[in-house]
Amino acid sequence: REPEQVDAALDQVLAEFGALEVLVNNAGGQFVSPAEQISYKGFRAVTRLNLDATWYLGTQVAARTMIPAGYGKIISITMTPRRGMPGMSHSSAARAAVESLARTWAVEWGRYGIRTTAVAPGIVHTEAWERYGLEPGQIASVVPVGRLQAAEEVAATVGFLASPAGDYITGTTIVVDGGLDVSGPGSAFGTGGGAG
């Protein structure tokens, strides 16, 4: 979230490696809350991490190394379902904006050999996810493939996009969620909960 920390980290990476060909924006976070109960400070904390940081890091990496090199890939992790998720208005808004950034950057930076995409995972079963206090079996019951996602499945998609096989993919969001986006989360989350 802090531009000076991004600048310092980028200085260090470029000093050590000389260039940066692939950037994966994977930092994110949120809390579950009905939209009307999210404070301005809470909304800004989530959007600063999920959107502002992605924008700043992406534009700095593009300007400082990818545009001059004539090549690069920026892959940003967003979320699904993308239709609406109770308790996640702040994060949903930020992640939708990141998908829009990927589309716009693709149009602006394609001529420089830069490919920009987003990956929208489903409900990834991690230690962080378990802090939401939701029952994995109940949540998995609304996912068409019948289980929660493993982090390695998201990583494999990112690896594909970063590889030469992903060279002709840009400006789009790859949904990797076991069908959750098409089935919807309603029955698992009820009216006041959610997950990300």
- So, Thr59 side chain and Trp55 main chain: donor-acceptor pair closer than 3.5 Å or not? yes

- Working to the nearest 0.5 Å, report the span between CG of Leu23 and CG of Leu10. 9.0 Å

- Go through Leu51 and Val46 one step at a time and tell me if the side chain to side chain contact (heavy atoms under 4.5 Å, CB included) criterion holds. CA-CA 8 Å; Leu51 172 60; Val46 170; over 6 Å; no

- Task: Taking all non-hydrogen atoms of both residues into account, name the closest pair between Ala19 and Thr65 and its distance.
- Result: CA-OG1, 3.4 Å

- Query: How far does CD of Gln12 sit from CZ of Phe17, to the nearest 0.5 angstrom?
  - Reply: 9.0 Å

- Query: To the nearest 0.5 Å, what is the distance between CD (Glu16) and CG (Asp11)?
  - Reply: 13.0 Å

- With a 4.5 Å limit on heavy-atom distance, are the side chains of Val98 and Asn25 in contact? no

- Give the cluster check for Val119 versus Val22: same hydrophobic cluster or not, with ILVMFWY residues linked at side-chain heavy-atom distances below 4.5 Å. yes

- Query: What pair of heavy atoms forms the shortest contact from Glu99 to Ala120, and how long is it?
  - Reply: OE2-CB, 4.2 Å

- Query: Within the distance-only criterion (no hydrogens, no angle test), does the side chain of Thr116 pair as donor or acceptor with the backbone N or O of Ala102 below 3.5 angstrom?
  - Reply: yes

- Message: Main chain of Gly122, side chain of Gln149: is a donor-acceptor contact present, judged purely on distance under 3.5 Å?
- Response: yes

- Note on the structure: Note: Gly42 and Ser39 closest approach over all heavy atoms is N-OG, 2.9 Å

- If only atom types and distance count, is the side chain of Glu2 paired as donor or acceptor with the main-chain N or O of Ala53 below 3.5 Å? no

- Message: For Leu101, is there any backbone N or O sitting under 3.5 Å from a side-chain donor or acceptor partner on Thr104?
- Response: no

- Is any side-chain heavy atom of Arg95 closer than 4.5 Å to a side-chain heavy atom of Gln30? yes

- Could you walk me through whether Val142 and Leu180 pass the side chain to side chain contact (heavy atoms under 4.5 Å, CB included) check? CA-CA 7 Å; Val142 301; Leu180 185 60; 4.1 Å; yes

- Query: Any side-chain heavy-atom pair from Ile169 and Phe160 closer than 4.5 angstrom?
  - Reply: yes

- Note on the structure: Taken to the nearest 0.5 Å, the spacing of Thr117 OG1 from Ile74 CD1 works out to 9.5 Å

- Would you tell me whether Thr47 and Arg44 have side-chain atoms, one donor and one acceptor, within less than 3.5 Å of each other? yes

- Message: Less than 4.5 Å apart, side chain to side chain, heavy atoms only: is that true for Thr80 and Pro121?
- Response: no

- Test item: Thr170 and Trp105 side chains (from C-beta on) under 4.5 Å apart, heavy atoms: no

- Thr54 OG1 to Leu49 CG distance, which is reported to the nearest 0.5 Å: 7.5 Å

- Message: Is there a path of hydrophobic side-chain contacts, each under 4.5 Å between heavy atoms of I/L/V/M/F/W/Y residues, joining Val158 to Val124?
- Response: yes

- Note on the structure: Taken to the nearest 0.5 Å, the spacing of Ile75 CD1 from Ile174 CD1 works out to 10.0 Å

- Item | Ser183 side chain to Pro144 backbone, donor-acceptor under 3.5 Å | no

- Message: Hydrophobic clustering (ILVMFWY, side-chain heavy atoms < 4.5 Å, transitive) - are Val61 and Tyr56 grouped together?
- Response: yes

- Message: Same cluster or not: Leu14 versus Ile67, using hydrophobic residues (I, L, V, M, F, W, Y) connected whenever any side-chain heavy atoms lie under 4.5 Å apart?
- Response: yes

- Is there a donor-acceptor contact under 3.5 Å from the side chain of Lys73 to the main chain of Glu21? no

- Message: Quick test of your reading of the model: are Arg147 and Glu153 salt-bridged, counting only N-O distances below 4.0 Å?
- Response: yes

- Task: Measure the shortest side-chain to side-chain distance between Val176 and Val154 over non-hydrogen atoms and say whether it is less than 4.5 angstrom.
- Result: no

